[in-house]
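Notes for the one structure printed next.
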Number of protein chains: 2
Amino acid sequence: MATTDQRVRSSELASQLRFAVMRLSRRLRQHAPEDITPSQLSALSVIVREERLTLSQLAVAERVQPPTITRVIDSLEQKGLATRVPSDQDRRVAFVEPTPAGRTLVDTIRRRRDAYLARRLRTFSAEERALLERAARLLERLIEDPES
Amino acid sequence: MATTDQRVRSSELASQLRFAVMRLSRRLRQHAPEDITPSQLSALSVIVREERLTLSQLAVAERVQPPTITRVIDSLEQKGLATRVPSDQDRRVAFVEPTPAGRTLVDTIRRRRDAYLARRLRTFSAEERALLERAARLLERLIEDPES
DNA sequence: TTAGCTAGTTAGCTATGCTAACTGTATGGC
DNA sequence: GCCATACAGTTAGCATAGCTAACTAGCTAA
């Protein structure tokens, strides 16, 4: 019955967590400037983090088909946020790299979202923040799941 | 300096939380069936929760312009998940209501996402789950923010 | 009764996702 | 060395979702 109790509590907790996490992420998404779309930002963030990767690798990372990446990179290039760099090892391959403007933009948006969250968090007590800090580490462990 | 320390910790915590929450919500979004799109599901969830609301109210709730709602409801109607109900008070107004199939679908997807999360959560200790439970309540308080 | 507001729709644009089909490049078997 | 095959990326064409502008129909108040 320890098992039963565990399962019940896991599924109630799952429901609460799902609700809170989905809502909060929605709220955070609203704190992006208007001149970049969500999918462009998502791709650009990966490019900035990885510093240099091929279009195929990016497509896999974004869980998207190659034609979709082609067009997202087209718009990022037009906006001066990333550049294609042809490989000299294999002339079929193109790398993508962030431009300084691209790096700056990702950083700006992160700061803005962090600022929103931090502002809200300042209304919490030190104990509550400490609890959330431990929870954040647990959530990261929860995400580490390899697929499924 | 208590204030300074507080701010530093808030902004570090904000960063950790932002990362974990954005990633987890992405993971959860993947646990929807293929025959409904994210924006359709989002609208349908509101309709099921509210049970009956006007198109305008739904547009406000989804933070979207009226023409967008018109088309989302068109597709939900085509799929038999919701129905327009004209108001007899004011013949300009149309309500939306969920069909039984719509209610069932929302429930199924919730269960699926909860099941994924619950499965992951079962690998955590009872203490860790207790901590996450308290964190979930804190996150809900964090969301309660009226705008901004 | 008419002027103006309001609810929702239609039209037409951009962006993002897809599959199918194409181009150009690399590679392995013979 | 040559050719079949595989692979990286692009192009073309479709559906959905967001937007603004413009329209229709119905309500309301002077």
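Owing to the predicted nature of the structure, the values given are computational and were not obtained by experimental measurement.
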Does the side chain of Thr68(B) get closer than 4.0 angstrom to OP1 or OP2 of dC19(D) through an N or O atom?
yes
Which whole-number value in Å describes the distance from Ile69(A) CD1 to dT11(D) P?
15 Å
Tell me whether the OP1 or OP2 atom of dA15(C) has a side-chain N or O from Thr37(A) closer than 4.0 Å.
no
Please tell me which of Asp90(A) and Asp74(A) maps to the more 5' nucleotide of DNA chain D, matching each residue to the nucleotide holding its nearest heavy atom.
Asp90(A)
The answer to which of Asp88(A) and Pro66(A) contacts DNA chain C further toward the 5' end, by nearest nucleotide, is Pro66(A)
Salt bridge or not between Glu51(A) and Arg103(A)? Use side-chain N to carboxylate O under 4.0 Å.
yes
Side-chain contact check for Arg92(B): nearest option of dT9(C), dT10(D), dC27(D) is dC27(D)
Just to confirm, is there a sub-4.0 Å distance from OP1 or OP2 of dT25(C) to any side-chain nitrogen or oxygen of Arg91(A)?
yes
Arg63(B) CZ to dC19(D) C1', straight-line distance once rounded to whole Å
17 Å
Once you round it to whole Å, what is the distance between P of dA15(C) and CG of Leu76(A)?
12 Å
Using whole Å, what does the distance between atom P of nucleotide dA17(D) and atom CG of Leu58(B) come to?
13 Å
Looking only at heavy atoms, what is the nearest atom pair of Arg52(A) and Glu97(A), with distance?
NE-OE2, 2.8 Å
Do other residues, nucleotides or ligands put more than 12 heavy atoms under 6.0 Å from Arg111(A) CZ?
no
ILVMFWY cluster, Leu117(B) and Leu138(B) together (side-chain gap under 4.5 Å)
yes
Nearest-angstrom distance from the residue atom CD of Gln57(B) to C1' of dT6(C):
14 Å
Compare side-chain N and O positions of Arg84(B) against OP1 and OP2 of dT9(C) and report whether any pair is under 4.0 Å apart.
yes
Please tell me which of the listed nucleotides, dA21(D), dT16(C), dG8(C), lies nearest to the side chain of Pro67(B)?
dA21(D)
Apply side-chain contact (heavy atoms from CB on, under 4.5 Å) to Arg84(B) and Thr70(B), showing your working.
CA-CA 10 Å; Arg84(B) 280 182 175 85; Thr70(B) 291; 4.0 Å; yes
Look at the side-chain N and O atoms of Thr70(B) and state whether any lies under 4.0 Å from the OP1 or OP2 oxygen of dT9(C).
yes
In whole angstroms, how far is the C1' atom of dT10(D) from the CD atom of Gln65(A)?
14 Å
In whole Å, what is the span from the CG atom of Asp35(A) to the C1' atom of dA15(C)?
15 Å
Separation of dA7(C) P from Gln89(B) CD (nearest whole Å):
15 Å
Would you sort out whether Leu105(A) and Val48(A) count as a side-chain contact (heavy atoms from CB on, under 4.5 Å), showing the intermediate values?
CA-CA 10 Å; Leu105(A) 180 61; Val48(A) 166; over 6 Å; no
Nucleotide paired to dG26(D) in any strand shown, Watson-Crick or G-U, under 3.5 Å
dC5(C)
So does Gln40(B) get a side-chain nitrogen or oxygen closer than 4.0 Å to the phosphate oxygens (OP1/OP2) of dT16(D)?
no
Closest-nucleotide 5' rank along DNA chain D - winner of Arg71(A) and Val93(A):
Val93(A)
Looking at Ser39(A), I'd like to know whether one of its side-chain N or O atoms comes within less than 4.0 Å of OP1 or OP2 on dA15(C).
no
